[in-house]
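Both ligands and their constituent atoms are indexed starting at 1 by order of listing.
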Amino acid sequence: MSDLHVLSVVPEIYPIVKTGGLADVAGALPLALQAEGVRTTSLIPAYPAVRAALAQPAAEYVQPDLFGGPVRLLRGTVSGLDILAIDAPHLYDRPGNPYVGPDGRDWGDNALRFAALARVGADVATGAVPGLHPDILHAHDWQAGLAPAYLAYRGGPRPGTVITVHNLAFQGQFPADLLSTLGLPPESYNLGGVEYYGSIGYLKAGIALADRITTVSPTYAAEIATAAGGMGMDGLLRIRSHALFGILNGIDETVWNPETDPHLAAPFSLARLHRRATNKRALQIRLGLVPDANALLLGVVSRFTWQKGLDLLLAALPHLLGLDIQLAMLGAGDRALEEGFLAAAAAHPGRVGVVRGYDEPLAHQIQAGADALLVPSRFEPCGLTQLCALRYGALPVVARVGGLADTVIDANEAALAAGTGTGVQFAPPTQEMLEAAILRLAALWVDQPTWRKLQRTAMKSDVSWRRPAARYAALYRALRDERRT
Ligand code: ADP
């Protein structure tokens, strides 16, 4: 039985619409929270994919005009998730990526599209749907950032508000002259409100006005309150530090389960770790690498962007190829990085294999077949790939930033003695330190008994949603109780 009801306001949710880790969290957290006695309703724009997923939706609450057209709310259940979808064809009836049009640019009316999400969120939070009275409105990222602002400026009774920052790099800044169109009062345009460097800042508004702010790891919570990591928001985050919490993400242990994974050549487990060799060989063959069991096979599954530090890896590659290593890469993004790695694969056939694109099965096969997974990010709010790697026994080699610092235990001398190591960390994120980390990894590889011990410890890491869900539940309850008194 649930004693607490959360309205989660999200722009994407797995398994219906996904462009990044936010969708994974939005889809997994409600299910994990059930065990904590928390019920969640997820409010999302009714993009075509959402309408298609809701087989026979019930229509709740209608508004004749919001930002140039009518709005209906559709309700239904998808994969165990209680979904409320905002059916507003003038805003959301567009196929493909939720944020970007066919020309590859952000939709010109994104300010209105996501203000509508927040505004309907505020309506639902204050009783617009009969029988639905949330204790907490939980807004995710800039797309939902105005919801706490609408509630704050409306006055009157309201539920507690939480905003989660999944990546501070995306802030949602729009022209100040939209203020009245958005239905925000003139007094909201100030330092403590929605004003942000002469514009309206959607994420800024959420951070300024939500009762609690969370982000997706304790280290990232500390980093974003510094000038170096704050991306213009650090001053405000320091002022609000008493309300800022870091809660790690988990991964879906049914999707990421090496024992039952349908994508693997040979499903495996701690008890049957020897079967991993079959996956390594299958991966080597798939990527055109020499099928050599003794070569240290490094994997990468990543967006190819500056954030992910893959330029450091590209620069380090000539030095690393002096070692007996191979590289299996999957990803897409910046053209220069894609071309750089494809050229490296052409120059070093059998040693470097690159697949450009998004490929879920191959992502699983890399985690299951690679000996180690490289994540040299310059910043990383939480990171999910290293969690998958831990569970699949690919030792993560990570930059010591954000959630990477919080989830991988460096196999230094003390950790080796104590048997607690699960991977390799390096800092700062530079080419030299990445090279040094891979040298250290190669030394561990030579010592196979130690390697196996690290691998087993990694696979026993708790990367589930259980602990994070308990922390969110505690945060929600404390906030609800505080608002009652
Ligand atoms: P971010 O959200 O910053 O891209 P995360 O590590 O938090 O990075 O999450 C990325 C998720 O997307 C992981 O689950 C990863 O396996 C998956 N992923 C990334 N790139 C690809 C790809 N090219 N093909 C398949 N899955 C990918």
Discussion item. I want to know if ligand 1 touches Lys18 in the polar sense, i.e. an N/O pair below 3.5 angstrom.
Written reply: no
Worksheet item: Does an N or O from Leu384, backbone or side chain, lie closer than 3.5 Å to an N or O of ligand 1?
Response: yes
If the contact criterion is a heavy-atom separation under 4.0 Å, does [X] count as touching ligand 1?
{"X": "Lys308", "answer": "yes"}
{"X": "Cys388", "answer": "no"}
{"X": "Pro381", "answer": "no"}
{"X": "Gly383", "answer": "yes"}

Going by the atom numbers of ligand 1, which of them fall below 4.0 Å from some non-hydrogen atom of [X]?
{"X": "Arg303", "answer": "1 (P), 3 (O), 4 (O)"}
{"X": "Thr385", "answer": "6 (O), 13 (C), 15 (C), 16 (O)"}
{"X": "Gly21", "answer": "2 (O)"}
{"X": "Gly331", "answer": "23 (N)"}
{"X": "Ala363", "answer": "25 (C), 26 (N)"}

Worksheet item: Passes ring pair (Phe, Tyr, Trp, His ring centres under 6.0 Å), Tyr202 versus Phe114? Steps please.
Response: CA-CA 9 Å; Tyr202 284 26; Phe114 294 104; 8.4 Å; no
Under 4.0 Å between a side-chain nitrogen and a carboxylate oxygen: does that hold for [X] and [Y]?
{"X": "Asp324", "Y": "Arg351", "value": "no"}
{"X": "Arg452", "Y": "Asp371", "value": "no"}
{"X": "Lys18", "Y": "Glu12", "value": "no"}
{"X": "Arg94", "Y": "Asp109", "value": "yes"}

Worksheet item: Out of Trp256, Tyr358, Phe379, who gets a non-hydrogen atom closest to atom 17 (C) of ligand 1?
Response: Tyr358
Worksheet item: Quick one: which of Asp24, Val301, Val355, Asp359 has a heavy atom closest to atom 24 (N) of ligand 1?
Response: Asp359
Item to complete: Answer yes if a protein heavy atom lies under 4.0 Å from atom 10 (C) of ligand 1, otherwise answer no.
Response: no
Worksheet item: Which word best sums up how the rings of Trp445 and Trp451 line up, parallel for under 30°, tilted for 30 to 60°, or perpendicular for over 60°?
Response: perpendicular
Worksheet item: Got a sec, which pairs hit side chain to side chain donor-acceptor pair (under 3.5 Å) with one end in residues 386-402, sequence neighbours left out?
Response: Asp261-Tyr392, Gln386-Thr407, Arg400-Gln425
Worksheet entry | Verdict with supporting geometry, Trp107 and Tyr99, ring pair (Phe, Tyr, Trp, His ring centres under 6.0 Å) | CA-CA 6 Å; Trp107 290 109; Tyr99 317 119; over 10 Å; no
